[in-house]
Structures are given as C-alpha cells and as structure tokens.
Amino acid sequence: MVFRPPTSCQRISRHSGQRTSQCPATDPPLHFCATLEKRSVSLTLPGSDARFHPRSTARGAVMHDPKYLRDHVEAIRMALGARGHDVPWDAIRKLSEERRMLTAQAEQLRHELKKGSDDVARRRRAGELADDVIAAMKHIGDRIKEIEDRLRETEEALKGLALRIPNLPHETVPPGLDASHNLEVRRWGTIPSFAISPKPHWEIGEALGILNFDRAAKIAGARFALLQGTGARLERALINYMLDVHTSQHGYREVFPPVIVNRQTMTGTGQLPKFEEDLFRLRDEDWFLIPTAEVPVTNLHRDEILTENQLPLRYTAYTPCFRREAGSYGKDTRGLIRLHQFNKVELVAFTTPDQSYQELERLTGHAEVILRSLNLPYRVVTLCTGDLGFSAAKTYDIEVWLPSQGHYREISSCSNFEAFQARRANIRYRPGKKDAKLEFVHTLNGSGLAVGRTMVAILEHYQQPDGSVLIPEVLRPYMGGMERLTPE
RNA sequence: GGAGAGGUGGCCGAGUGGCCGAAGGCAACGGUUUGCUAAACCGUCGUAGGGGCUAAAACCCCUACCGAGGGUUCAAAUCCCUCCCUCUCCGCCA
C-alpha cells in the first residue's frame, strides 16, 4: 500500500460557486468533496488544474465534461492514496461519463422542444394551424422523458458514491498509516510524579460518591455514567467555565442548538452517508442524535450566502453528544472515557479560504487555554494522513496526560475542513471585491473541551493521598467557593 | 391531533398557460451632482452547467432553476397529485 499525500500543493486562486441556491430538502447536493478546486495536486497527471466542479440542479447532481471529470477522478484518487482505498473509482468514472452523455442529449432535445413550442405560439397568434409541429413535439417530449429517467438514475447512483469520497489532506499533514505516525507539535506542563501510584478516576469518583456506574447501567446500560452531588455540579461548573471563557475572552457567540437533527444536516458535515452505524437514529423518523455540536452548529448557515465582512463567524455551543461506539467493544470499558452520552463544549468557525489555517491555530489555542488554566499537562499532535477523519483536511488532537494510564489521551480534536463541509452544506459568501463570484467558506471546529474527559483529568491530577480531590482554582467560583471534593 | 393561510431572485413583492429568468421596490455596485454626509438622477445588478472565443478574462450561444418530487399539455412560476417547511386559530403538553 502506497501513501501518496499531496506533496506539493501549490495554491491556485480559483474559486467558483457551483450550485443553485436551492437545496433539495431531502436530497443533499452532490459534492465531490475535496478541496481540489483550491489546490493543484502535483501529480504526473496531464492538465490537472484541479478544478472539479460537479453541478447540482433542483433535479440533483448533473454531470459535465467527461474528460475533465476523468482527470479529476484520477487526481483525487492519487492524492488520497490509502484514504481513497474503498472508493469505487471505476464506477464513478463510468457514471460520470454516462451522465455527461445523457445531459447533452437532454439539453439538445429540450432546445428543439422549446423552439417548436414557440413556433406553435407564433402560428396560433397568426391564426394558422400548427398540428404538424405539435405532433413532432409530442414525440420529442416522450424522448426527453426517457432520457431524463435514465439521467436521474445515473445521477443518484453517482451522488451516492461521490459523497463517500473523503477530503484531501492539507500539504502540511504528515504521511502515515495510523495514529503511530502522528506528529507531536508541542507539549505543555509538567507530568506529575505521585508518591503512590495514582488511582484511576472511576475509583476516585466512586469512593467520593460522585460517580455511580452501577446505577447508570441499571437505568440505561453499559457506557453510561451517573454523576451525583458535587460530581454533577463539577460537570456543570466545567461547562459554564468553558463557555464563559470562549464567549467573553475568545469572542465566540454562544448557541444552544437542537441535539436531534435530520439527514441532510448529518450529510452536510460528513457523518452521512458513510458513518450511519456510528449514529443513534430515532425510530420511524429520519432523525439522528448528534455525535457532536459540530453537526448542528456548522449547519446553522447551510444554504446561506454570507458577506465577507461577516467573516469570520465564531460559535461556541455546549451540547450532550451521542455515539454508538460500534466497533469499540472492550476498549475503555470502565470510567468516563468512552460513553454513549457525554458533554462537550464545541468551537466552530466559518472563515474565508485565505484565513482558515490561521484560524485553525487560533482555535486550537483557545482549547489549550482551558487546559492551561486548569493546569493540566497536555500535548498537541498533528494527525497523519491515515488517522485523519473523513471530512478533515488537517486535524490537531490535543491530548491530556492521564496519570493512572501513564499516557496522553485525546481531549480535543481541532480540524480545518476547508471547503469540504461548505460544499456539502452549500455555505457560501460574497467576497467584498466588486464583481466577485460567490465562494465557499471554510469551516473549522474543535472541542473546547470534552467535558467528561476533563473531569477525568481533574480527578486524577488533583487527587490527594487522603482520597479527597482539590478543585482547580478557576472552577471554585462555579462551585460556590468549594476548594475540595470530599466523600459524600 | 383538528381547521385555515402561505412558500417567487440578497430582501420585500407582482405574476392563473406561450412574448416570463420573471414587473415594481429595497439593498448592493459604477457614475453625475455635492464643501462632507444625505438626497436626487443615470446605469449595472440571480445562480449553476455545457459550448464558442481567449494566455486568462471580458464577451457570445445553449440548458436548467419560481419549496421538493411526480402528472396534464406542443408549451407550466401559473392547472392537477404527493411530500416538506413556515405562519394563524383550537386542543394537549414541559
């Protein structure tokens, strides 16, 4: 298996709107994902100027120039390397060409039909008969119907496949197979040494009486947690503290969105169609529980046209998050690390393309501020191509040190999606320059932070030999001045 | 859950079968006027796909789009059906 991350991604300034402003309610637009339009993928491909413009009309996605698409299918496939391993490229290419052909035929016939109809109108007005034209047009109308039926099928098939193509990694993303190839960027804080071996957070919490997993299992099942007393209050304190910092110090606007969303919303941010098995879906409805606030908050501006001077837009949201955790059997079965329901404060940003990587650094820094103020040691790693999520172009994971496990664990994940989500969700902006075309915004988000895992880190770092746990100073105002958790 | 009203361009809002990509207004942009601002006046002004011409644009031609999907018709924003969404009233409810 060969990994070919895009090695030299020279930017070419090209922007192009590509969709109508309507977005079918249950039929998300076709997006060949990828930020290709903004990058020249430097591969040995002829004429690959990296433009890749699917088109969508109210009928759905429609195809264009086959040679063009073929170039791009190839360019994307090469650039994705192993990330594109399970994408059916041949089928995409074949369907693309078919769509191109059918579109051309349909357009030609519609042109004739239009002219014929005008002719009928003209003759009627002149008081002439038009029966011959009417007969001919009737025939053409039937042929159009046939072709459009085939076209519709082709488009649906193509769209279904194209929505499964992941985003392209940014040029600064290190190549690699899996998490072991992630690149550490920086560390902060000192890893503490404990006189006796530090207890895991669930032992600490259960001894304090603030965590109860037996009851959670009774009322819900495995991978749920019950917080009690000061534990519940600490969770609430963390949420409030994080929101306060992000709104008053970092300039984010607080939102509190629905945690149940529809299929189109899930498709806009990239959870669907590929990852349905990771989501909780409501019975009898095309509704899903959100796995992260990224989903509703990024979709705030779906199908909207923003103005450049509105950007950047920065939102923060506290929501519960729900994940099936399918395929994680046996991992992190104890404690608060991996639950079906957990709390998270999320940061979401919309920017112009030229600012998004600056924004990624900024946003990551905002998440780090929380850890620093809690005095929790952490490191930042850049995910390698093999570990990168489906929709992301670049991701920094922030990992907090967990004393009981003796290693760093993810507590935040901050990503730039470039235009990938904006394309799927049709979020555009009008550049300030006169005569400027509409462009897709860039979207970003990051946890700031995962509340449950922050609780884990606090319990473990602030545990005392007598079984109590000190409350970090910045949280004390949120705890009624309380300085220490003691057995309840 | 019951009854009703409505979804048209960035926004508001006309438009009941052909000359409608769609009047008018607002906003925006360019200009004239102006001490500055404002006002007035003139002009431009939807999006996407394909093709032509280009070094690339501009520009020209074709096609699609009036909530979504389907139907009737030579021809649909306009007529019919289904669905989605919004609003109002009634009932129920945190």
Side-chain angles (χ1 to χ4, degrees), chain A residues 12-32 37 47 49 51-69 72 96-97 99-149 151-156 158-159 258 261-265 285-287 301-310 423 426-440:
Chain A
I12 54 174
S13 88
R14 161 171 295 103
H15 307 296
S16 167
Q18 56 149 248
R19 297 196 55 246
T20 58
S21 58
Q22 293 93 352
C23 200
T26 56
D27 197 16
L30 170 63
H31 295 304
F32 289 86
E37 94 186 285
D49 73 346
R51 201 162 20 168
F52 194 49
H53 287 166
R55 150 188 170 198
S56 173
T57 68
R59 290 176 182 282
V62 181
M63 160 54 214
H64 50 122
D65 184 0
K67 68 178 193 305
Y68 209 60
L69 182 69
H72 290 292
S96 299
E97 286 172 19
R99 182 173 65 165
R100 151 73 176 171
M101 190 190 71
L102 292 170
T103 302
Q105 284 179 18
E107 289 198 354
Q108 173 63 32
L109 287 171
R110 267 197 298 264
H111 179 54
E112 287 176 37
L113 182 71
K114 221 171 166 173
K115 288 208 309 209
S117 296
D118 288 346
D119 194 34
V120 171
R122 220 175 299 120
R123 291 208 211 174
R124 285 262 165 95
R125 252 172 289 148
E128 296 169 22
L129 285 177
D131 293 1
D132 54 328
V133 181
I134 289 175
M137 290 307 108
K138 196 165 196 155
H139 176 62
I140 287 181
D142 291 342
R143 284 176 59 201
I144 290 176
K145 235 164 251 174
E146 269 173 50
I147 288 171
E148 287 190 335
D149 284 346
L151 186 58
R152 193 158 28 244
E153 287 168 27
T154 305
E155 285 168 356
E156 268 167 34
L158 182 59
K159 180 167 54 185
V261 300
N262 59 34
R263 179 169 290 273
Q264 197 187 353
T265 297
E285 299 283 352
D286 229 3
W287 276 342
H301 295 296
R302 191 176 73 228
D303 293 327
E304 289 186 13
I305 296 171
L306 307 168
T307 57
E308 182 162 6
N309 58 25
Q310 281 180 275
R423 207 179 282 286
N426 192 32
I427 309 168
R428 296 174 293 175
Y429 76 100
R430 195 176 294 282
K433 314 179 282 283
K434 63 182 172 188
D435 301 330
K437 288 271 192 185
L438 297 178
E439 294 180 23
F440 288 106

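Sequence lines set the chain letters: A, B, ... in the order given, protein chains first and strands last, and positions in each chain run from 1.
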Whole-Å distance separating the [atom1] atom of [X] from the [atom2] atom of [N]:
| X | N | atom1 | atom2 | result |
| --- | --- | --- | --- | --- |
| A:Gln108 | B:U63 | CD | P | 9 Å |
| A:Asp303 | B:G9 | CG | P | 13 Å |
| A:Glu112 | B:C62 | CD | P | 14 Å |
| A:Ile147 | B:A64 | CD1 | P | 14 Å |
| A:Ile140 | B:A75 | CD1 | P | 10 Å |
| A:Glu107 | B:G49 | CD | C1' | 7 Å |
| A:Ile134 | B:U72 | CD1 | P | 17 Å |
| A:Asp149 | B:G70 | CG | P | 8 Å |

Separation between the [atom1] atoms of [N] and [M], rounded to whole Å:
| N | M | atom1 | result |
| --- | --- | --- | --- |
| B:G9 | B:U47 | C1' | 9 Å |
| B:U34 | B:A27 | P | 23 Å |
| B:A75 | B:G18 | P | 14 Å |
| B:C20 | B:C26 | P | 23 Å |
| B:G6 | B:G67 | C1' | 11 Å |
| B:C11 | B:A28 | C1' | 11 Å |
| B:C12 | B:C59 | C1' | 33 Å |
| B:G49 | B:U44 | P | 26 Å |

Comparing nearest nucleotides in RNA chain B, the 5'-proximal residue of the pair A:Gly116, A:Ala106 is A:Ala106
Residue pair A:Gly141/A:Arg125 against RNA chain B: nearer the 5' end by closest nucleotide is A:Arg125
Among [options], which nucleotide has an atom closest to any side-chain atom of [X]?
| X | options | value |
| --- | --- | --- |
| A:Leu438 | B:C74, B:U47, B:A64 | B:U47 |
| A:Arg100 | B:C19, B:C74, B:G50 | B:G50 |
| A:Arg152 | B:G70, B:C74, B:U47 | B:G70 |
| A:Ser117 | B:G10, B:G49, B:A75 | B:A75 |

Across all strands, who's sitting opposite [N] as a Watson-Crick or G-U wobble pair, both distances under 3.5 Å?
| N | value |
| --- | --- |
| B:U73 | none |
| B:A57 | none |
| B:A48 | B:U63 |
| B:U82 | B:A68 |
| B:G4 | B:C87 |
| B:G10 | B:C26 |
| B:U32 | B:A40 |

For the atom pair [atom1] ([X]) and [atom2] ([Y]), what is the distance rounded to the nearest 0.5 Å?
| X | Y | atom1 | atom2 | answer |
| --- | --- | --- | --- | --- |
| A:Asp149 | A:Thr154 | CG | OG1 | 10.5 Å |
| A:Glu148 | A:Leu109 | CD | CG | 9.5 Å |
| A:Asp132 | A:Met137 | CG | CE | 9.5 Å |

Does any donor atom in the side chain of A:Asn426 or A:Asp303 lie under 3.5 Å from an acceptor atom in the other side chain?
yes
Look at [X] and [N] and indicate whether a side-chain polar atom (N or O) is within less than 4.0 Å of OP1 or OP2.
| X | N | answer |
| --- | --- | --- |
| A:Lys114 | B:C74 | no |
| A:His111 | B:U63 | yes |
| A:Lys145 | B:U72 | yes |

Does a distance-only test, which skips hydrogens and angles, find a donor-acceptor pair under 3.5 Å between the side chain of A:Arg124 and the base of B:G18?
yes
Charged N to carboxylate O under 4.0 angstrom, A:Asp119 versus A:Arg123?
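The answer is yes: the pair qualifies as a salt bridge.
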Heavy-atom pair of closest approach, residues A:Gly116 and A:Val133
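Heavy atoms only, the tightest pair is O-CG1, 3.6 Å.
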Taking side chain as C-beta onward, heavy atoms only, is A:Trp287 less than 4.5 Å from A:Asn262?
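Touching, per the 4.5 Å side-chain cut-off.
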Report which part of the nucleic acid A:Val133 touches: base, sugar-phosphate, or nothing (heavy-atom distance under 4.0 Å, all strands).
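Nothing: the residue A:Val133, judged by heavy atoms under 4.0 Å, touches no strand.
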Residue of the set A:Glu308, A:Glu439, A:Glu304 for which side-chain hydrogen bond (donor to acceptor under 3.5 Å, both in side chains) holds with A:Tyr429:
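So the option named by the test is A:Glu439.
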